[in-house]
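What follows is one structure encoded as structure tokens, with my remarks underneath.
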Amino acid sequence: MKSAIISLCFIFLSFNLVGQKSIGEFNHSLRTKNRTVKGSFSVVNKSTKDIATFISDRRYIYAYLTDNTFKVKKELKFKKNSKYRGVVGKIYNTDNKFSFVIANTNVSEFGIIDFDFKNDTVVFNKDLFNTRGLTLLQNFNQENKSHLLFLKKSTSELIVRTYTNDKEAKNQSFKLKNERLLIGKNRKTSLTKLLYNSLYNDYTITKIQSFEYGTKKTNKIQPISIETTAEYTKLYAENDLIKIVFDKNKFYSQILTLNLKEGTHTLKKFRKPLYKTTGRNKASNSFLFNDFLFTSSCSKKNLGIAIYDLKTDEKLQEFTFSNNKPLPLKNAPVIIQGKEYKKVNTKETKVFLKKIYYSDMGITVAKQKDNFVITLGGKKPATLHNPMMSLKMGDNVSIYAVNNYRGFLDPHSYILNLFRNKKVTYFKGILDNEFNFIDVPVEKNVYDTINTYVQENGKQENSHIFEFNGKMIYSYYNQSSNTYKFLAF
């Protein structure tokens, strides 16, 4: 995880675009010298409906507590500890105490900063947790908990360290050495080998985080880009369940579920499409959406999609598209290296399948009313010299400099950043609730709207995006007026 702690730039936007509304601002009154702001972000306390906004420069972190109309209620200031360079977890409680788990550059030592607005204090405590032999893989934040997921390489063991606002951190161990994880049809491998990413020379998991958006809170959407889901190991977490999906294996998607409440784990395998095609002659990946697993495989001649019900393990639907026929999709945009094709004939279908086959393949799913939007495609393969494919990792939102390229701290800003920089090959289609393709236009999601805003308003520095009261909020620091502004989309 050492490569995950680097200095980043931030993106700031002016506002004059139809589709967004200014909903508040406050004066950065704690700023006493003309220091350049290095970062900013906000955390919504869902219990109190207050918002804590943190702004940092080279030496200090400034914290403002506002009500839901963005009027300042409290202010705090904290001098940075130069030893600690990354935020890896965040927590809050009903008394408006906001805590952050922070790490040193090597991600081998940790500490906790408590911004306590009730008692007007900021306190730092070092965490004495011994990380020798452990590698930090990912985190998962809840309202009053923050979970850090570690790998113990020598024993193929996963350790979850959970922080809360009021209690001492606790560890849970999941011993997986005897689990039958596969790398091919039948060849057994270890957890450590499945997690190793040669491009980063590191052990990695990409976090895919669902969230509720809009007035219908049961309608969870995940407008995640292909660049994200093209990774081979992904983490999905909700409540006390962590699901890790392994897709290095081109024949099976393997789902490891960690139950933090019970301290148990399960492992399931689901057969991918084009199973009879040899591994070297296809690309594959998968995506979890609620209780459904969407898997896909692509060769030079065929593209397969299979959908499973995770409650029953039943295969609900399977499609196979051939390169000798046009893709049977109407009102579905097909993009080949950033160029949109309104109509796709057999020639474009062959080009499309080849592009996917030679790419890092990904698949995503989101909701559109009662239907599913499926996006399937691929990005330019990453290389050892350019593992991030020239993507600008700009929209990070930490009070310390943290690489957010796997959505480590803040998924919203990570997703938006990828939507801004995509030049991938993909198609979008609509599935009904019985998982059949139907002729319905694909609507824009909120990230598409904000992406249009970014393109039309230019780039400067310092911005953040978060969800509040059914809206996505875009916030930024305006240095000329020394104010922090909030826009609702």
Side-chain angles (χ1 to χ4, degrees), residues 176 179-188 194 208-210 218-222 224 229 232-259 261-262 264-277 279 282-299 302-322 327-329 332 361-376 427-440:
L176 304 164
E179 288 293 345
R180 185 173 169 78
L181 292 160
L182 301 178
I183 195 59
K185 282 186 176 181
N186 300 298
R187 185 156 61 96
K188 189 176 178 180
L194 275 185
I208 309 293
Q209 188 159 326
S210 65
T218 57
N219 183 22
K220 293 186 178 180
I221 64 170
Q222 294 175 306
I224 316 296
T229 59
Y232 288 126
T233 308
K234 294 180 280 290
L235 179 147
Y236 305 77
E238 189 170 7
N239 298 325
D240 290 316
L241 292 179
I242 294 177
K243 294 182 179 181
I244 302 171
V245 183
F246 303 97
D247 276 303
K248 267 189 181 179
N249 189 326
K250 295 183 180 181
F251 298 93
Y252 295 97
S253 288
Q254 301 173 94
I255 303 178
L256 175 66
T257 301
L258 308 180
N259 189 321
K261 186 176 181 179
E262 303 294 335
T264 59
H265 71 272
T266 59
L267 178 66
K268 292 184 177 181
K269 303 177 181 69
F270 296 88
R271 184 180 288 195
K272 293 180 178 179
L274 310 186
Y275 182 80
K276 294 181 179 180
T277 304
K282 62 185 174 185
S284 70
N285 219 313
S286 73
F287 189 81
L288 274 183
F289 185 82
N290 295 338
D291 293 318
F292 303 108
L293 174 69
F294 294 75
T295 66
S296 184
S297 300
C298 184
S299 68
N302 295 292
L303 172 65
I305 301 171
I307 303 163
Y308 291 90
D309 185 334
L310 295 183
K311 290 182 178 179
T312 63
D313 298 343
E314 176 189 1
K315 185 191 292 184
L316 301 175
Q317 187 61 276
E318 185 165 1
F319 304 94
T320 301
F321 301 133
S322 172
L327 289 172
L329 304 171
M361 181 181 182
I363 178 172
T364 78
V365 179
K367 279 292 250 182
Q368 180 174 303
K369 298 179 181 176
D370 293 327
N371 301 317
F372 297 88
V373 181
I374 184 170
T375 305
L376 192 150
F427 76 79
K428 288 179 179 283
I430 301 290
L431 299 172
D432 61 20
N433 56 15
E434 294 182 351
F435 302 102
N436 295 305
F437 278 102
I438 56 176
D439 184 9
V440 175

Please identify each residue that fulfils side chain to side chain donor-acceptor pair (under 3.5 Å) with [X], with sequence neighbours left out.
X: Lys185; answer: none
X: Asn259; answer: none
X: Asn186; answer: none
X: Tyr308; answer: none

> Rounded to the nearest 0.5 Å, what separation is found between the CG atom of Leu376 and the CZ atom of Phe294?
Replying inline: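 Reported value, rounded in 0.5 Å steps: 11.5 Å.
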> Once you round to the nearest 0.5 Å, how far does CD1 of Ile244 lie from CG of Leu267?
Replying inline: 10.5 Å
>> Is the positively charged end of Lys269 above the ring of Phe251, judged by distance under 6.0 angstrom from the centroid and angle within 45° of the axis?
In response: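 Ring-cation test returns no.
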> Which heavy atom of Asn249 sits nearest a heavy atom of Gly184, and at what distance?
Replying inline: ND2-O, 2.8 Å
> Any idea which heavy atoms bring Asn371 and Ile430 closest together, and the distance?
Replying inline: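 Residues Asn371 and Ile430, closest heavy atoms: CB-CG2, 3.6 Å.
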> How would you list, by chain and number, every residue that makes a salt bridge (charged side-chain N to carboxylate O under 4.0 Å, His left out) with Lys315, sequence neighbours excluded?
Replying inline: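 Per chain and number, Lys315 pairs via salt bridge (charged side-chain N to carboxylate O under 4.0 Å, His left out) with Glu318.
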>> Going by the rule salt bridge (charged side-chain N to carboxylate O under 4.0 Å, His left out), which residues pair with Asp313 if we only count those two or more places apart in sequence or in a different chain?
In response: Lys268
Under the side-chain contact (heavy atoms from CB on, under 4.5 Å) rule, collect the residues that match up with [X], sequence neighbours excluded.
X: Lys311; answer: Asp291, Asp309
X: Lys272; answer: Asp247, Ser253, Ser284, Thr295, Ser297
X: Ser322; answer: Asn302, Asn324
X: Gln317; answer: Ile307, Phe319, Phe435, Asn436

>> Quick check: do Val373 and Lys367 have side-chain heavy atoms less than 4.5 Å from each other?
In response: no
>> Go through it in stages, so that I can follow the logic: the residues are Thr264 and Leu258, the test is side-chain contact (heavy atoms from CB on, under 4.5 Å), and I'd like the CA-CA distance, side-chain angles, deciding distance and then a yes or no.
In response: CA-CA 6 Å; Thr264 59; Leu258 308 180; over 6 Å; no
>> The criterion is ring pair (Phe, Tyr, Trp, His ring centres under 6.0 Å); which residues satisfy it with Tyr232, sequence neighbours excluded?
In response: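 Tyr232 satisfies ring pair (Phe, Tyr, Trp, His ring centres under 6.0 Å) with no other residue.
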>> Using only atom types and a distance under 3.5 Å, with no angle test, would you say the side chain of Lys250 pairs donor to acceptor with the backbone of Asn285?
In response: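 Here the side-chain-to-backbone pair does not exist.
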>> Parallel, tilted or perpendicular: which one describes the rings of Phe437 and Phe321, with boundaries at 30° and 60°?
In response: tilted
> So with a 6.0 Å cut-off around NZ of Lys261, is the heavy-atom count from everything else above 12?
Replying inline: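 Not buried by this count: 12 neighbours or fewer within 6.0 Å.
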